[in-house]
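Structure record follows, encoded as structure tokens.
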Amino acid sequence: MIAKIEQLLAEVDAMYAKNADELEELRVKYLGRKGSISQLMQDFRTVDPKQKKELGVKLNELKTKTQEKINELKAAFETQDTGYDDIDLTLTPYPQKLGTRHPLSIVRNEIIDIFARLGFTIAEGPEIEDDWHVFSALNFAEDHPARDMQDTFFVESHPDIILRTHTSSVQTRTMERSQPPIRIICPGRVYRNEAISYRAHCFFHQVEALYVDKDVSFADLKQVLLLFAKEMFGENTLIRLRPSYFPFTEPSAEMDISCHICGGKGCPFCKHTGWVEILGCGMVDPNVLENCGIDSRTYSGYALGMGIERITNLKYQVKDLRLFSENDTRFLKEFESAN
Ligand code: DAH
């Protein structure tokens with residue numbers, strides 16, 4: 001019997017349970033009514049009285065040790081940090097931090113949406129361009145200042161290769177490869193050799209629109225401009241066209257809208273004129289149509305181009321152009337609700 005007790009003491013010493021169920025099994029195995037220790041207690045009654053004292057002490061030791069070990073294992077489960085104890089399942093989930101769209105993307109998408117409703121489709125072209133698509137085909141004179149290194153980024157080893165200075169180059173490419181009707185909107189990044197300041201940057205974004213078909217007139221252009229201004233800046237917006245000059249349009253105009261801050265009454269934003277300038281436009285010069293392989297006696301068209309930064313500034317009064325390319329999340333977050 002003493003050997004049995006020693007064996008059980010060793011077993012209890014090494015006892016281990018992974019969870020409460022396993023522990024309960026062990027308890028039943030050793031201390032349960034039919035468990036090994038209870039069995040020994042029964043046997044104890046019939047033991048030789050001379051051995052009773054020594055065996056009794058051993059048996060008690062085994063019983064206490066087993067109970068202690070079980071308590072110890074139980075306590076370990078209860079204090080174990082499962083990581084789930086302090087979860088309150090009734091709480092709402094943590095809000096997912098979503099990124100926000102860049103203000104220039106928000107405005108670009110808005111411009112595209114307006115023109116898409118009029119049947120314009122998106123066209124794109126390369127940012128690294130050649131002189132023909134940016135200048136020559138668009139009727140720029142040989143000595144036009146835009147062709148100067150001061151204004152345009154050239155690739156040193158290839159003077160014919162430049163960074164496009166306007167998205168009008170996409171007009172050229174589209175007209176070269178397709179015949180009218182052409183109705184496209186061309187959003188994109190453009191580059192100019194400017195010192196970076198709060199009001200100028202060496203790159204910015206434009207959207208160009210081009211419509212070429214039979215019998216396209218200045219009246220069509222005016223209608224689209226008015227509709228665009230109202231959609232973009234509100235139903236009460238007025239437009240004003242001022243004669244201007246661009247090599248690729250004839251006649252050319254610049255469009256102002258009534259100042260949406262003061263409603264046209266005059267304020268510091270519109271320099272007390274009641275008007276703010278937003279884009280350039282005109283009827284596509286017949287030379288440009290011919291340069292791109294389109295018969296200028298059959299077809300005519302209008303074009304317009306605007307700076308996305310400019311429109312964004314008007315809508316959101318961003319005073320420093322540099323903010324658009326710094327990716328400061330404090331600035332970008334301000335547009336969360338416009339997304
Ligand atoms: N390309 C001109 C610029 O960068 C903007 C422009 C003016 C585009 C008149 C046009 C237009 O299509 O008709 O300043």
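Below, each value reflects all heavy atoms present in this structure, side chains not excepted, and no hydrogens, waters or symmetry copies. Counting starts at 1 for both ligands and their atoms, following the listed order.
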- Task: Quick one, list the residues around ligand 1 where some non-hydrogen atom comes in under 4.0 Å, by chain and residue number.
- Result: His166, Ser168, Gln171, Arg192, Gln206, Glu208, Phe246, Phe248, Thr249, Gly280, Cys281, Gly282, Ala303, Leu304, Gly305
- Evaluate the side-chain hydrogen bond (donor to acceptor under 3.5 Å, both in side chains) criterion for residues His133 and Gln171: first the C-alpha distance (whole Å), next the side-chain angles of each, then the deciding distance (0.1 Å), finally the verdict. CA-CA 9 Å; His133 290 99; Gln171 287 188 23; over 6 Å; no
- Query: Counting distance only, does the side-chain N/O of Glu290 pair as donor-acceptor with the main-chain N or O of Ser296 below 3.5 Å?
  - Reply: yes
- With no hydrogens and no angle check, is any side-chain donor or acceptor of Ser38 less than 3.5 Å from a backbone partner on Gly32? yes
- Task: Look only at the side chain of Ser300 and the backbone of Val216, and say whether a donor-acceptor pair between them is shorter than 3.5 Å.
- Result: yes
- Task: May I ask you to test the Asn313-Phe324 pair for a side-chain heavy-atom distance under 4.5 Å?
- Result: yes
- side-chain hydrogen bond (donor to acceptor under 3.5 Å, both in side chains) partner of Tyr191, the single match among Glu127, His201, Glu129: Glu127
